[in-house]
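What follows is a single structure, written as structure tokens, with notes after it.
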Amino acid sequence: MVEPLRVCVTGAAGQIAYSLLYSLANGDVFGKAQPITLLLLDIPPMMQCVEGVVLELQDCSLPLLHDAIATSDPNVAFENIDVALLVGAMPRKEGMERSDLLKANAKIFEAQGKALDTYAKKTVKVLVVGNPANTNCLIAQRCAPSIPKENFSCLTRLDQNRAVSQVAMRLGVKTNVVKKVIIWGNHSSTQYPDVNHATVEINGHINPVKEAVKDDHWLEGDFLKVVQTRGAAIIKARKLSSAMSAAKAICDHMKTWWFGTADDDYCSMGVVSDGSYGIPEGIVYSFPLTIDSTHTYKIVQGLEINEFSREKMDISAVELCQERDDAFSFIQI
Ligand code: NAX
């Protein structure tokens with residue numbers, strides 16, 4: 001029998017987790033032959049709700065679900081885990097300053113990084129979703145020195161999916177023929193969705209997206225704005241932040257990390273910068289990656305960066321350096 005994969009999901013009582021857990025337990029991410037044990041972490045006041053989620057998971061009657069455990073103790077949730085999906089975070093409340101939010105989350109991800117360092121497998125793959133995702137990821141990574149830094153990532157796949165969809169809708173094609181769209185930088189409004197290297201297949205021919213769209217004004221204007229501000233547009237319309245699309249993006253991110261990228265595509269993930277493209281070393285920055293079947297990623301090298309892109313990429317890097325400096329002042333590494 002295949003050993004169950006131990007997957008921890010934090011923020012288990014939240015709306016993203018509610019959209020995510022079924023796909024995980026149904027084999028949509030790690031494959032239809034991979035049993036799974038879900039460790040569901042939330043804070044003590046939310047435990048009754050998490051217990052309810054466990055009851056529902058049982059009622060889904062999924063053959064791959066080996067076990068689902070609700071807990072408010074990170075040491076239990078991270079014990080011997082293979083995958084950590086760190087979705088839970090302190091939300092911004094009315095009247096809260098940005099620095100208060102950064103501080104509250106710095107403390108959460110400091111504690112979770114330390115618990116990962118002590119209790120998780122050294123091969124654990126960590127995906128940080130809770131915002132500010134890049135900086136929370138950086139803190140967790142720095143607080144877990146015994147785990148390779150390449151095992152930490154943050155979610156920018158939702159931004160990638162949004163960008164791909166916008167291009168596909170503009171061209172009247174399916175999303176799966178649009179490839180190599182890149183998200184650079186922070187999961188914030190300074191992110192840079194870049195189609196300069198993207199391709200689209202039309203009638204069996206591979207074309208550069210820029211040539212197919214034939215409208216640089218749109219690509220450098222409304223396209224960027226729509227993707228960068230999509231989260232706010234969803235909150236305005238739904239009165240709630242993205243959940244279904246966020247859960248789908250988490251599944252896409254983890255599936256690609258697990259099984260690799262297609263030969264003709266990249267994926268974007270926030271990872272620890274190695275200085276590629278002049279991005280300061282050590283910050284968690286979204287890059288285009290290729291991934292092999294051993295869950296090992298490489299930052300795509302050698303892409304030509306024009307002046308427009310350079311400026312946008314640097315703005316996001318400056319923001320991330322500032323977030324890092326602010327967050328590090330609140331914690332002890
Ligand atoms: P919800 O408020 O519905 O759920 C968050 C859950 O996290 C709550 O149940 C809360 O009790 C729990 N939580 C808080 N502190 C915790 C801790 N220390 N340990 C464990 N659990 C804890 O938020 P939801 O809509 O599910 O969003 C979760 C996070 O994802 C937010 O920070 C949100 O900003 C972020 N997002 C990030 C995205 C990305 O692309 N990186 C996109 C979607 C989403 O906005």
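Read the numbers this way: they start at 1 and go in the same order the structure lists the ligands and their atoms. Because the structure is a prediction, the values reported are computed rather than measured. Throughout, residue positions are numbered sequentially from 1 according to the sequence presented.
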Of [options], which has the heavy atom at the shortest distance from [atom]?
atom: atom 33 (C) of ligand 1; options: Leu240, Leu41, Leu40, Asn131; value: Asn131
atom: atom 44 (C) of ligand 1; options: Ile16, Val129, Val50, Ile235; value: Ile16
atom: atom 15 (N) of ligand 1; options: Ile43, Val9, Leu86, Leu20; value: Ile43
atom: atom 1 (P) of ligand 1; options: Ser188, Gly14, Cys154; value: Gly14

For ligand 1, find out whether one of its N or O atoms is nearer than 3.5 Å to an N or O atom of [X].
X: His187; value: yes
X: Leu158; value: no
X: Asp42; value: yes

Legend entry - For ligand 1, the portion of Ala246 having any non-hydrogen atom under 4.0 Å away: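 Only the side chain of Ala246 comes within reach of ligand 1.
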Inset, instruction - Consider only side-chain heavy atoms of I, L, V, M, F, W and Y, link residues closer than 4.5 Å, and tell whether Ile43 and Val87 are in one cluster. - result: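 No, no single cluster joins them.
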Check the surroundings of atom [atom1] in [X]: do more than 12 heavy atoms from other residues, nucleotides or ligands lie under 6.0 Å from it?
X: Lys122; atom1: NZ; result: yes
X: Glu311; atom1: CD; result: no
X: Lys114; atom1: NZ; result: yes

Going by the atom numbers of ligand 1, which of them fall below 4.0 Å from some non-hydrogen atom of [X]?
X: Val87; result: 28 (C), 29 (C), 30 (O)
X: Gln112; result: 17 (C), 18 (N), 19 (N)
X: Ser241; result: 25 (O)

Inset, instruction - For this output row, return yes or no: ring centroids of Phe330 and Phe328 closer than 6.0 angstrom. - result: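 No, too far apart.
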